[in-house]
Structure formats: structure tokens, C-alpha cells
Number of protein chains: 2
Amino acid sequence: MDNKITEKLVERYERVQFAVHKKAQLLMRGEIGEELTTEQHATLRHIKHFGPSTSTQLAEAFLVKKSAITAIINRLIDKKMITRRRDQNDRRVIYLSLTDYGEEIYKQCEDKIHALVGSFITQFEPKEIELFLNTFEKLEKILDKQILDMSEGAEK
Amino acid sequence: MDNKITEKLVERYERVQFAVHKKAQLLMRGEIGEELTTEQHATLRHIKHFGPSTSTQLAEAFLVKKSAITAIINRLIDKKMITRRRDQNDRRVIYLSLTDYGEEIYKQCEDKIHALVGSFITQFEPKEIELFLNTFEKLEKILDKQILDMSEGAEK
DNA sequence: GTCATATAGTTAAACAAGTGAACTATTAAA
DNA sequence: TTTAATAGTTCACTTGTTTAACTATATGAC
């Protein structure tokens, strides 16, 4: 009984998550003139959201090693979308910021995503959206706690 | 007004999707004795679900090129989780099936996932789960149609 | 029946993302 | 001041991906 629902949930979640991911990938590809990978977009998003950030902060946010961030950052710098700036108080630290071009590309991506999601929203009842948001908020809290617990051992 | 909701939806969805993905990754890593990547797990899942499959079918299901499937398959064969079997009617075709070992590892993964999701379920109202399922079903249909439209040009 | 074409799958080169370990600087602490 | 810790990079290796060239088999036009 309960097993059936679990299975259904997993299956349906996986299919939607796959479809959303693919859709987002297609959105980031080509249409804007610049190709952005999922990770590159997430990096721009983090910096836009939290302001100038360090590799360490990005690594913690994405739950990957710092060397992985270095690689992504190098590619974004090649694309002239972000810049490095050394902290003068602590000269080990490097702050990463968006260039004007980075801001521009990021904005174009956001517009695309928002337009897409906006078109979805019209097909749902306000009540459905409300409940969706609440469920996800709850889910997020549960997951965050669990992931923190699990990755604590693996963290450096 | 509507803009605000779109933004919230995107943000919340992205955070949950990230958390779920990381959580699943951690689940597949080590705990079972065998490491499975997301793609390897999805491949086992597809074969388990649809029975002996071809590279072409997997490539279509995952929306990647066939050469990407070849690489994943080779690694799963190295791990002795699947086998190739030539079709005798059409000798171009190769069917991929799970080995007993593959079945065993896959089952262990599923059990882990179901246990996890089962533990989530208890924290939600039946009504919430019902609506969640319905919303996702609706979302899936919308996305499937859109992705089909978008990738039609890109398909080979 | 034979020749052109389509289909199934592999291979190889190149790129993006990731890990792990060794490394350079710089700062903090004993 | 010598030792620790921290921030970041580099390098070798793995996985997943695309593109393009390739092999082998099947289909179809004539």
C-alpha cells in the first residue's frame, strides 16, 4: 500500500526532474548566443545572489571540492563573465565578481527561465502553486538536515 | 506580483532539486559496496523497467547521443552488471540485460531510495502527497511536449 | 541480384566536471 | 619563530558528453 505510493513518487519525481534538467540545458544552449553549462549558470547565479564570493564559499554551496570550482571559474574568466580580485586584508582570499558581460548573460538566462516558468504557472491553480511551494519548503528543510548529517564525514 | 511567485518557484525548485540530487549521489556512493554514478543507476533502472534494451533506446530515453551510451555500457560491463546479446533476426542490434549481480546491486539501491522516501512520506499529509503527485503528473505532460518540440531539431 | 542508402553500434579526439593529492602563499597560534 | 591551519592552484585520472568517421548489417530501387 504505502510501498506503491513511494514507488510512484520516486518514479514521477525522477521523470519530472529529468525533464526539467533537459529543458534547462536546452534553454542555456545557443539561444542566447553564449553557451552556458548548468554549473556555469549556477556559479553566476550564486555570485549574483550572494555578491562577490570565494572559491571556498562556492565549493561549500555546491558540495564539491575547491579544485572543481577553480576549473569552472577559469572557464568563466575565459568567457569574460567573471573576474578575480584579491582581498587586501587577507591576501590568501580571492573574490569572484560578475563582469558587466556576465551580468548581461545571466540576466538573459533568468529572463528565459522566468518566461518558461511563467508559462507553466498559468496552467495551474493558485492553490496548487501554493501547496507546491509549501511542500517544497518542507522537503528542503528535511533534505538540508539530512545532507548536512551525511556529508559531514566527507567534508574537508 | 506574478513575477515574485515565479522567482520563488524557480529558487525553491532549484534548491530541492540540488538537495535531492546530492542526497541520491551520496546514497549511491560506497554504502552498498559498489559505487554507482547517477547515469549508471539510471541505465540499470531503464533496463530493469523496460527489459532488455538497445543503445538506441537508451540514447532516446536519456536524450543523449549513442556514443555516450556506449561509454556508460562499457563501464557497467566492466563492473559485470550488464551483458550484451546480439539479436539473431537483425544482427546490427545488441540487447543489453542485467546480470544477476546487476539485479542485486540495483535492488539494493532501490531499497535505499525507497527507505529514504518512505521516511519522508511520514512527514507529509496524505492530501499533500496526493496533490504533489497530481501536480507532477501535470508538469510532466507539459514538459514532455515542450522537450519533444525543442529537441526535434536537434535529434538525429 | 546489385548498388545506393539507411540503421545499429563503436571508436577516437576533444571538452566539461569532478576527485584526490601534492603544491604555493599567506595567516594564525604555540 | 617555528608550527598549524587556511585559500587557492595544479596535475593526473575518471566519467559523461558531442562530433565525426568508421564497420557491419539490412532495406529498397531498379
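Below, read A as the first sequence line, B as the second, and so on, with proteins coming before strands; counting in each chain starts at 1. Reckoned from all heavy atoms, side chains included, excluding hydrogens, waters and symmetry mates.
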Asks: Check every atom of D/dT18, D/dA26, C/dA16 against the side chain of B/R91 and return the nucleotide holding the closest atom.
Replies: D/dA26
Asks: Under a 3.5 Å threshold, yes or no: a donor from one side chain and an acceptor from the other, between A/R84 and A/N74?
Replies: yes
Asks: Specify the separation, in whole Å, of atom NZ of B/K65 and atom P of D/dA21.
Replies: 15 Å
Asks: Taking the nucleotide of DNA chain C with the closest heavy atom to each, which residue, A/N89 or A/K66, is nearer the 5' end?
Replies: A/K66
Asks: For A/E35 and D/dT17, what is the distance between atoms CD and P respectively, to the nearest whole Å?
Replies: 16 Å
Asks: Nearest whole angstrom, please: distance from the P of D/dG16 to the CD of B/Q25.
Replies: 11 Å
Asks: Do A/I105 and A/M81 make a side-chain contact, defined as non-hydrogen atoms from C-beta onward lying under 4.5 Å apart?
Replies: yes
Asks: If the glycosidic angle sits within 90 degrees of zero it is syn, else anti. Tell me which applies to D/dA4.
Replies: syn
Asks: Can you confirm whether the side chains of B/H41 and B/E110 place a donor and an acceptor under 3.5 Å from each other?
Replies: yes
Asks: Within this structure, what is the CG-to-P distance between A/L96 and D/dA7, rounded to whole angstrom?
Replies: 14 Å
Asks: Using a strict 4.0 Å threshold on nitrogen-to-oxygen distance, state whether B/R45 and A/E14 make a salt bridge.
Replies: yes
Asks: Give a yes or no on whether a salt bridge exists between B/E103 and B/K107, defined as a side-chain N under 4.0 angstrom from a carboxylate O.
Replies: no
Asks: Where along residues 70-88 of chain A does a heavy atom come under 4.0 Å from DNA chain C, residue by residue in number order?
Replies: A/I72, A/R75
Asks: Just checking B/Q88: does its CD atom have more than 12 heavy atoms from other residues, nucleotides or ligands closer to it than 6.0 angstrom?
Replies: yes
Asks: Counting side-chain heavy atoms from CB outward, which of D/dG8, C/dT19, C/dG9 is closest to A/V64?
Replies: C/dT19
Asks: Answer yes or no: is there a side-chain heavy-atom contact under 4.5 Å between A/F120 and A/I129?
Replies: no
Asks: Could you check how far CD1 of A/I94 sits from C1' of C/dT26, rounded to whole Å?
Replies: 12 Å
Asks: Let me know the distance between CG of B/L63 and C1' of D/dT18, rounded to the nearest Å.
Replies: 14 Å
Asks: Residues from residues 38-56 of chain A sitting under 4.0 Å of DNA chain D, heavy atoms only?
Replies: A/T54, A/S55, A/T56
Asks: Do the non-hydrogen side-chain atoms of A/V93 and A/Y95 ever get within less than 4.5 Å of each other?
Replies: yes
Asks: Are any of the side-chain heavy atoms of A/L58 and A/T54 separated by less than 4.5 Å?
Replies: no
Asks: May I ask you to verify whether the side chain of B/R92 and the base of C/dT7 hold a donor-acceptor pair under 3.5 Å?
Replies: yes
Asks: Of all the nucleotides listed (C/dT27, D/dG8, D/dT25), which has the minimum atom distance to the side chain of A/D90?
Replies: C/dT27
Asks: Applying the Watson-Crick and G-U wobble criteria at under 3.5 Å, what pairs with C/dT27? Answer none if nothing qualifies.
Replies: none
